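What follows is a set of notes on a single structure, which appears directly below.
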Amino acid sequence: EQIAASFESMARSADDVAVMDEAAIEKLAAGADPKQVEDAEVPGIGLPLRFDDLEAEVNFYGLMHALDFGSGWEKAVEQQTGR
């Protein structure tokens, strides 16, 4: 219960700290070489996946990392909660 409240509080305050600059994203994407992006190797991820297109691949990795967010805090949370 305390952890959930902490995450909710953090999520509400994230808008004050993290901002997505859509113009910067568009500029970065426009300058990217699609072949170089396709050939890029992602270290530490040994998944034998093939994607229909670059957007599907980016969505997959974005979701995977979003789900993994906070895992580095697992030991600290366990220590604080005794779980």
Side-chain angles (χ1 to χ4, degrees):
E1 189 173 292
Q2 289 176 331
I3 295 171
S6 176
F7 281 132
E8 288 174 15
S9 172
M10 182 179 66
R12 283 192 301 273
S13 66
D15 288 339
D16 298 334
V17 201
V19 177
M20 287 265 228
D21 184 339
E22 295 290 334
I25 293 169
E26 291 293 329
K27 183 178 177 182
L28 177 66
D33 175 8
K35 181 65 177 155
Q36 186 178 13
V37 173
E38 288 172 11
D39 293 343
E41 208 174 291
V42 180
I45 299 177
L47 302 172
L49 299 174
R50 296 214 182 261
F51 299 93
D52 293 335
D53 55 32
L54 185 57
E55 182 178 1
E57 184 173 3
V58 169
N59 286 336
F60 169 79
Y61 286 114
L63 176 61
M64 186 177 74
H65 289 295
L67 292 172
D68 187 46
F69 176 79
S71 64
W73 297 98
E74 186 174 352
K75 288 184 182 182
V77 170
E78 288 173 356
Q79 290 172 351
Q80 292 295 314
T81 61
R83 297 181 189 182

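The shown structure was predicted, so the numbers you read here are calculated from the model rather than taken from an experiment.
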Item checked: Under the side-chain hydrogen bond (donor to acceptor under 3.5 Å, both in side chains) test, residues paired with K75 that sit two or more places apart ->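 With sequence neighbours excluded, K75 shows a side-chain hydrogen bond (donor to acceptor under 3.5 Å, both in side chains) to no residue whatsoever.
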
Next item on the list: Just jot down the side-chain hydrogen bond (donor to acceptor under 3.5 Å, both in side chains) partners of D33, sequence neighbours excluded, or say none.
Entry: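 Per chain and number, D33 pairs via side-chain hydrogen bond (donor to acceptor under 3.5 Å, both in side chains) with no residue.
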
Next item on the list: Examine L28 and V58 and state if one hydrophobic cluster contains both, with Ile, Leu, Val, Met, Phe, Trp and Tyr joined whenever side-chain heavy atoms are less than 4.5 Å apart.
Entry: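 Different clusters.
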
Margin query: Within a 6.0 Å radius of atom CD on E78, are there more than 12 heavy atoms belonging to other residues, nucleotides or ligands?
Written below: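 Yes.
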
Notebook entry, point to check: Which distance, rounded to the nearest 0.5 Å, do you find between the CG of N59 and the CG of L63?
Noted result: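 Answer for the CG-CG pair, N59 versus L63, is 8.5 Å.
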
